[in-house]
Amino acid sequence: MDVLVIDHPLAQSRLTAMRDERTDSSSFRAALHELTTMLVYEAARSFPIERYPVQTPVTATEGTRLANPPLLVPVLRAGLGMADAALGLLPESSMGFVGLARDEETFEPRAYMESLPRDLNGLPVLVLDPMLATGGSLEHCCRLLAERGCTDITVLCVLAAPEGIERLKRSNLPLRLVTAAIDQGLNGSKFIVPGLGDAGDRQFGGM
Ligand code: U5P
């Protein structure tokens, strides 16, 4: 599994704002939005393009567009804060949704919603979830996509724990990971350390 870490200074400054416990929800959402734009920009570097004729005011030339814009799949609830930024850079993309809750005793994900095209053959997918902790949620989500025929998954997250990366590697699913940082690891409550806390609560408040 390819892992791409975006260590650009502008990305790292947004990540630091998100880590800071004094950052309020509104500023946290703004930093997540901007950071997602940077992660999508870098993830899209390897997307296939096609050339097509275009007329400028001066002459005829050739233009570039994405050959196959990916399906965007934010993982609810925390991935919602990445959806608008991703759609901004990929306006031709469609969006599906997967809702996952983590059981706080077993730490395993439970799906409460799936809204995806039935057939994902030939369609690349960009999965949006800020945190890769144990990897249970993202493995579950990517398995749903692979079962529908998807063979090209890019997982976009803000923070990844080594434990989650290992789990995704072992899954043998057809995916690559783009993240702004790989943190030290998980604590006893399976939170990422140093991390940024609960990405859903930081954006939308505690439930
Ligand atoms: N999560 C956090 N912060 C953490 C660890 C996990 O917000 O430090 C939440 C995220 O919402 C993420 C989910 O979607 O748990 C991933 O957990 P896991 O299935 O990778 O363990």
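The structure presented is a predicted model; accordingly, all values stated were derived computationally and were not measured. Whatever order the structure lists ligands and atoms in, that order sets their numbers, starting from 1.
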Worksheet item: Can a salt bridge be assigned to the pair E114 and R148 using a cut-off of 4.0 Å between side-chain N and carboxylate O?
Response: yes
Fill in: Salt bridge R167-E163, side-chain N to carboxylate O under 4.0 Å
no
Worksheet item: Counting N and O atoms only, with roles assigned by atom type, does the side chain of T23 sit under 3.5 Å from a partner on the main chain of M18, one being a donor and the other an acceptor?
Response: no
Worksheet item: R45 side chain to Y41 main-chain N or O, any donor-acceptor pair under 3.5 Å?
Response: no
Worksheet item: Do V127 and T154 come within less than 4.5 Å of each other through their side chains, counting heavy atoms only?
Response: no
Under 3.5 Å, N/O to N/O: give me all the pairs between ligand 1 and the protein, one per line with atom names and distance.
| unit_1 | atom_1 | unit_2 | atom_2 | d |
| --- | --- | --- | --- | --- |
| ligand 1 | 3 (N) | G197 | O | 2.8 |
| ligand 1 | 7 (O) | A199 | N | 2.8 |
| ligand 1 | 8 (O) | I192 | N | 2.8 |
| ligand 1 | 14 (O) | D129 | OD1 | 3.0 |
| ligand 1 | 14 (O) | D129 | OD2 | 3.0 |
| ligand 1 | 17 (O) | R102 | NH1 | 3.4 |
| ligand 1 | 19 (O) | T134 | OG1 | 3.4 |
| ligand 1 | 19 (O) | S137 | N | 2.9 |
| ligand 1 | 19 (O) | S137 | OG | 2.5 |
| ligand 1 | 20 (O) | A133 | N | 2.9 |
| ligand 1 | 20 (O) | T134 | N | 3.1 |
| ligand 1 | 20 (O) | G135 | N | 2.8 |
| ligand 1 | 21 (O) | R102 | NH1 | 2.7 |
| ligand 1 | 21 (O) | T134 | N | 2.9 |
| ligand 1 | 21 (O) | T134 | OG1 | 2.5 |

Worksheet item: Are F97 and M113 close enough, and set up right, to give a side-chain contact (heavy atoms from CB on, under 4.5 Å), and what steps lead you there?
Response: CA-CA 8 Å; F97 300 89; M113 154 143 135; 3.4 Å; yes
